[in-house]
Peer 1: 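What follows is a single structure, and I will ask about it in a moment.
For ligands, and for the atoms within them, numbers begin at 1 and follow the listed sequence.
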Amino acid sequence: MKVVLKELTKRFANRTKGQPDVIAVNHFNIELPDGKLIGLLGPSGCGKSTALNLISGLEIPTEGQVFFEEDDVTKLPAEHRGVGLVFQNYALYPHLTVRQNIAFPLGNLKGDQKLPKEEVERRVEEAARLVQIDQLMDRKPSEMSGGQQQRVAIARALVKQPKILLLDEPLSNLDARLRLQTREELRRIQRETGITTVFVTHDQEEAMSISDLIIVMKEGVIQQVDEPQKVYTDPVNLFVAKFLGTPEINVFRGTVRNGQLFLGEESVLDVPGVEDREVYVGIRPEGFILSETGRFTMDLKRVEEMGRDTSVIAAHPAAEKPTVRAIISSENEVDRTKETVKFDIKPFRTYLFDIETEERIPFGG
Ligand code: ADP
Ligand code: MG
């Protein structure tokens with residue numbers, strides 16, 4: 001099911017008295033395509049949960065509309081929207097078995113929605129199989145790991161055969177290994193069911209690894225909507241460039257003169273088509289090429305060997321941070337006796353941004 005958000009806005013009175021209202025979701029205009037896994041990504045407090053709650057019906061918007069396909073569901077209560085919800089804390093009923101927990105939402109159905117007992121059992125089995133928990137049906141939540149409990153919570157959301165699945169940081173309570181495993185599971189379940197799924201996370205790597213489409217938001221405002229790789233390689237602004245990628249992008253203050261980018265006194269890259277101006281410059285760690293004749297000189301701090309790759313830790317007066325990290329293939333030999341190190345930089349891993357707006361400035365070449 002396609003979801004369309006039009007001018008969707010949620011304003012809260014500030015929790016701190018005397019402070020202005022918080023616009024948790026600010027004029028969202030977006031279409032979430034049918035059958036895709038959409039990652040809603042942004043730092044803590046940027047409005048991800050509020051956006052999700054507006055889609056589910058747990059929150060009513062201050063302004064704007066929510067459509068499921070052509071239907072305006074803005075005023076429809078959550079229980080009639082046909083959405084499945086999963087939260088960070090699994091919120092299972094501790095005194096019920098896995099089977100009873102999964103069946104619970106079906107027991108609440110009233111009138112002609114009520115299902116025959118056999119159909120309930122069939123659906124519960126099916127949901128349990130899908131999340132691979134069907135061997136543990138008679139256990140209580142306390143007898144299971146966090147990952148297993150979260151699978152039960154997912155099965156419980158699936159048992160009503162929702163048209164949309166909404167997941168709010170569903171992996172945050174799991175340890176690192178389970179988090180990796182469970183996110184692959186989620187991807188598989190989403191593919192198998194084809195349910196339009198919105199997955200909220202503040203973890204860029206998590207969003208990158210499983211999403212078909214990523215929405216990056218900041219302070220209630222959508223910044224960019226793109227395929228994961230595109231958000232990384234083609235960020236629209238400095239915020240997105242910094243938020244995606246580990247290690248983080250290196251940021252410098254630079255100047256463009258006569259179609260050349262200067263960092264300090266050196267002309268480090270040709271940037272045809274850009275007028276003379278001050279800029280922020282983002283260079284991805286993999287955007288450096290070690291070269292004795294390189295145009296960009298930095299102070300060499302140390303070298304970290306990491307198997308396949310080598311990190312060169314350097315410093316430069318125009319850099320925003322005390323150290324700059326360049327990641328190069330370990331086949332390169334870095335001369336550690338020298339005080340400086342020279343690089344060329346890759347134009348397609350280097351980005352220019354306006355100093356005021358922090359919007360991306362395109363360059364040719
Ligand atoms: P996220 O899920 O990205 O961490 P939230 O959607 O929970 O962000 O919150 C976005 C902003 O809205 C935050 O500033 C938060 O304090 C505020 N907020 C959320 N819910 C309420 C509420 N019920 N009352 C007042 N402010 C709220
Ligand atoms: Mg949240």
Peer 1: Could you tell me whether Ala51 approaches ligand 1 through its side chain, its backbone, both or neither, with non-hydrogen atoms closer than 4.0 Å?
Peer 2: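 For Ala51, no heavy atom sits under 4.0 Å from ligand 1.
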Peer 1: Tell me: protein heavy atom nearest atom 27 (C) of ligand 1, and distance?
Peer 2: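 Residue, atom and distance for the closest contact: Phe12 CD1, 3.3 Å.
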Peer 1: Residues in salt bridge (Lys or Arg N to Asp or Glu O under 4.0 Å) with Arg336, at least two apart?
Peer 2: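 Checked Arg336 against salt bridge (Lys or Arg N to Asp or Glu O under 4.0 Å); matches are Glu305.
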Peer 1: Please state which protein non-hydrogen atom is closest to atom 8 (O) of ligand 1 and give its distance, to 0.1 Å?
Peer 2: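 Closest protein heavy atom to atom 8 (O) of ligand 1: Gly47 N, 3.1 Å.
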Peer 1: I want to check a possible cation-pi pair here: Arg253 against Tyr280, using under 6.0 Å from ring centre and within 45° of the ring axis as the test.
Peer 2: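 So Arg253 does make the cation-pi contact.
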Peer 1: May I ask you to decide whether Arg295 forms a salt bridge with Asp270, counting only side-chain N to carboxylate O separations under 4.0 Å?
Peer 2: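 A salt bridge is present here (some side-chain N lies under 4.0 Å from a carboxylate O).
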Peer 1: Taking only Lys NZ, Arg NE, NH1 and NH2, and the carboxylate oxygens of Asp or Glu, determine whether Glu286 and Lys346 approach each other closer than 4.0 Å.
Peer 2: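 No, this pair does not count.
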Peer 1: What I want to find out is whether Glu118 reaches Arg122 closely enough, with some N-O distance under 4.0 Å, to be called a salt bridge.
Peer 2: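 Salt bridge: no.
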Peer 1: Can you check side chain to side chain donor-acceptor pair (under 3.5 Å) on Gln88 and Asn173, steps first, answer last?
Peer 2: CA-CA 6 Å; Gln88 176 176 343; Asn173 278 1; 3.0 Å; yes
Peer 1: What I want to find out is whether Asp212 reaches Arg187 closely enough, with some N-O distance under 4.0 Å, to be called a salt bridge.
Peer 2: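 Salt bridge: yes.
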Peer 1: Using heavy-atom distances, let me know which of Lys48, Glu169, Lys10, Arg15 sits nearest atom 20 (N) of ligand 1.
Peer 2: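 Nearest heavy atom to atom 20 (N) of ligand 1 lies in Arg15.
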Peer 1: Only heavy atoms of Ala13, strictly under 4.0 Å: list the atoms of ligand 1 that pass.
Peer 2: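 Under 4.0 Å from Ala13, ligand 1 has these atoms: 25 (C).
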Peer 1: Counting N and O atoms only, with roles assigned by atom type, does the side chain of Arg81 sit under 3.5 Å from a partner on the main chain of Ile164, one being a donor and the other an acceptor?
Peer 2: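 Pair absent, no side-chain N/O of Arg81 close to backbone of Ile164.
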Peer 1: Would the distance check show the side chain of Asp354 and the main-chain N or O of Glu359 forming a donor-acceptor pair, the cut-off being under 3.5 Å?
Peer 2: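 No; zero donor-acceptor contacts below 3.5 Å.
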Peer 1: Backbone or side chain, does any N or O of Ala24 fall under 3.5 Å from an N or O of ligand 1?
Peer 2: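 No, no N or O pair falls under 3.5 Å.
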Peer 1: Would you call the rings of His95 and Tyr93 parallel, tilted or perpendicular if under 30° counts as parallel and over 60° as perpendicular?
Peer 2: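 Because their plane-to-plane angle is over 60°, the rings of His95 and Tyr93 count as perpendicular.
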Peer 1: What count do you get for protein N/O/S atoms less than 2.8 Å from the Mg ion (ligand 2)?
Peer 2: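 My tally for this metal is 1.
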Peer 1: Quick one: does Cys46 get a heavy atom under 4.0 Å from ligand 1?
Peer 2: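 Per 4.0 Å heavy-atom rule, Cys46 contacts ligand 1.
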Peer 1: Would you kindly check if the NZ (Lys) or CZ (Arg) of Arg156 is within the cone defined by 45 degrees around the ring axis of Phe104 and under 6.0 Å from the six-membered ring centre?
Peer 2: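 No, Arg156 does not sit over the ring of Phe104.
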Peer 1: State plainly whether the residues Arg188 and Glu184 are in salt-bridge range, i.e. N to O under 4.0 Å.
Peer 2: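 Looking at Arg188 and Glu184, the cut-off is not met.
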Peer 1: Between His202 and ligand 1, find which residue part has any heavy-atom pair under 4.0 Å and reply side chain, backbone, both or neither.
Peer 2: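 No part of His202 is near ligand 1 at this cut-off.
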Peer 1: Nearest non-hydrogen atom to atom 7 (O) of ligand 1 belongs to which of Gly45, Ser49, Gly220?
Peer 2: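 Shortest heavy-atom distance from atom 7 (O) of ligand 1: Ser49.
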Peer 1: I'd like to check which ligand 1 atoms, numbered from 1 as shown, lie under 4.0 Å from a non-hydrogen atom of Ser44.
Peer 2: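 Within the 4.0 Å cut-off of Ser44, ligand 1 contributes 4 (O).
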Peer 1: Which residue and atom name correspond to the protein heavy atom nearest atom 14 (O) of ligand 1, and how close is it?
Peer 2: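 The closest one turns out to be Val22 CG1, 3.7 Å.
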Peer 1: Under 4.0 Å from ligand 1, counting heavy atoms only, is it the side chain of Thr50, its backbone, both or neither?
Peer 2: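 Near ligand 1, Thr50 shows its backbone as well as its side chain.
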